[in-house]
Number of protein chains: 2
Amino acid sequence: MPRTADHDARRRQIAAAVVGVVAADGFDAATVARVAAEAGVSVGLVQHYFASKDELLLFAYQQVTGDIGDRVAQLIADGDARRQPISVVVAASLAELLPLDERRRGEYRVARAFLGRALDNPSLASVARATAADLRGRLSAAVTNGKECGEVAPGVDAELAATRLAALVDGLGDQLYLEPQRRVGSRDLPAVARRTLGEALAETFTGECRHYR
Amino acid sequence: MPRTADHDARRRQIAAAVVGVVAADGFDAATVARVAAEAGVSVGLVQHYFASKDELLLFAYQQVTGDIGDRVAQLIADGDARRQPISVVVAASLAELLPLDERRRGEYRVARAFLGRALDNPSLASVARATAADLRGRLSAAVTNGKECGEVAPGVDAELAATRLAALVDGLGDQLYLEPQRRVGSRDLPAVARRTLGEALAETFTGECRHYR
DNA sequence: TCCATAGCCATATAGTCGTACGGTTTTGGG
DNA sequence: CCCAAAACCGTACGACTATATGGCTATGGA
């Protein structure tokens, strides 16, 4: 066998370069040549690892959404380990998705850029659908768990609540991204977003966990 | 003076062609040549009326958001004329913004496509900001009017409620666009979206108008 | 009637992009 | 040691694109 390389690592490296370029200069700046330069490799190497630019973009998008999902999963695991109430864990998870600081703002920009292209790219659209379904699944599971432990009233429809929370965090994210400095009455928008999410959660998580108090 | 033409009408005609192309085949399909063909004019004429492609896209975006705004204003005027409760008028206005049929779906697609490009185009971003502010302004005014006539409790913060409603309709629109066929429990997503919006409105518009009953 | 000028068009131009292609370099196994 | 095959590179090609340019056409006013 000839010389070997870590195939997956190279693909991730190149995908990371895509994300870097999109975050820095927007989706249109993510040309193959620019991505190769950002990754410190040649155009030929990018072609060696990705059959087409579309495949590259798809992989990069999956990478981004996967990374975000992993961080949310980590937040949930941490919250569970610390035996925090479900509503608190969910609040932290949703806040992670909002563009509240430069890091999350960059990530949001990338995610939204891909979502915009998903409008006319079926492959990207299916990733977007899967990502959204994943978030709603986690939220739905959280509500269901809440019903079991007493934080949520028995009659609540978990899927409905999840859909509503997902929509709210989505819309708040858009507003935060577009006008991070906006003021709403005496508060700034980030505070309003947190508060609004908190209120929405309080409407669903109305009780206390009976397992530990 | 030489021959004359209706300058504004021509610009609107070309802008309408942009919208048609974006709705049909996505933002990337909106090349100058394609837009000219769609409008039934030459490339040169497009250049005659727009100094650059960016200016054309900006004008088209303003056209789209303006049209939507006009329709919402019309719905509000109609509702007022029929002396409908504010909550009903607001519900109809927000539903108009959701991709609930093919017409609104096409419009949503166009609006979202422009919003996606606004991520790295300051001119488009400012239109997006103005559009969002306009919607929130209308919602805020509706809540304030509601407080005056008794549909809304006195303590409610109109701007806060408007921000929340705008976020919700935005997020619901995204979900509807991406998965119009999705089922949530026993209902389909369009029904769930209407219901969710209705519930959110019911939380703000808790009373009845004391002026006419 | 005439012509300046806006309306309108076809084509040329300069540049960018994705990808194809031919090449060199490296290295694991025989 | 050797060599096949993978890793990797630079460049050329073909397809588009936005825009510049020059010219033709029609008409309102003098």
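To find a chain, count down the sequence lines: A is the first, B the second, and so on, and within it residues start at 1.
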Colleague: With a distance cut-off below 6.0 Å to the six-membered ring centre and an angular limit of 45° from the axis, does A/R11 pair with A/F59 as a cation-pi contact?
Modeller: yes

Colleague: Less than 4.0 angstrom between a side-chain N/O of B/Y49 and OP1 or OP2 of C/dA6, yes or no?
Modeller: no

Colleague: Assess whether side-chain contact (heavy atoms from CB on, under 4.5 Å) is satisfied between A/Y61 and A/L115, documenting all intermediate values.
Modeller: CA-CA 9 Å; A/Y61 190 23; A/L115 190 59; 4.2 Å; yes

Colleague: Quickly work out the A/H48 NE2 to D/dC9 C1' distance and round it to whole Å.
Modeller: 12 Å

Colleague: So, does the side chain of A/R3 form a donor-acceptor pair with the base of D/dA7 at under 3.5 Å?
Modeller: yes

Colleague: Return the value, rounded to whole Å, for the distance between atom CG of A/L56 and atom P of C/dG18.
Modeller: 10 Å

Colleague: Start with the C-alpha distance between B/Q13 and B/R10, add both sets of side-chain angles, then the distance that settles side-chain hydrogen bond (donor to acceptor under 3.5 Å, both in side chains), and finish with yes or no.
Modeller: CA-CA 5 Å; B/Q13 173 194 356; B/R10 269 279 194 247; 2.7 Å; yes

Colleague: State, to the nearest 10°, the angle formed by the axis through the first five base pairs of the helix from C/dT1-D/dA30 to C/dG30-D/dC1 and the axis through its last five.
Modeller: 10°

Colleague: Any side-chain N or O of A/R34 below 4.0 angstrom from OP1/OP2 of C/dT16?
Modeller: no

Colleague: Can you tell me which nucleotide in D/dA7, D/dC9, C/dC8 comes closest to the side chain of B/A5?
Modeller: C/dC8

Colleague: Is there a donor-acceptor pair under 3.5 Å between the side chain of A/E151 and the backbone N or O of A/S87?
Modeller: yes

Colleague: Would you check if the side chain of A/R136 reaches a backbone N or O of A/T163 as a donor-acceptor pair within less than 3.5 Å?
Modeller: no

Colleague: Send over the distance from A/F50 CZ to D/dC8 P, rounded to a whole Å.
Modeller: 13 Å

Colleague: Which one, D/dG10, D/dT19, C/dT19, comes nearest to the side chain of A/K53?
Modeller: C/dT19

Colleague: Quick one: do B/D28 and B/R117 make a salt bridge, cutoff under 4.0 Å?
Modeller: yes

Colleague: Distance to the ring centre below 6.0 angstrom and angle to the axis at most 45 degrees; does that hold for A/R105 and A/Y177?
Modeller: yes

Colleague: Tell me if the CZ atom of B/R82 is crowded by more than 12 foreign heavy atoms within 6.0 Å.
Modeller: no

Colleague: Below 4.0 angstrom, N of the basic side chain to O of the carboxylate: do A/E159 and B/R182 qualify?
Modeller: no

Colleague: Please state how far atom CG in A/L45 lies from atom C1' in C/dT25, giving the value in whole angstrom units.
Modeller: 13 Å

Colleague: State whether the distance check finds a donor on one side and an acceptor on the other, under 3.5 Å, for side chain A/Q47 versus base C/dA20.
Modeller: yes

Colleague: Output the rounded distance in Å from CG (A/D6) to C1' (D/dC8).
Modeller: 16 Å

Colleague: Under 4.0 Å, heavy atom to any atom of DNA chain D: which of residues 19-33 of chain B qualify?
Modeller: B/T31, B/V32

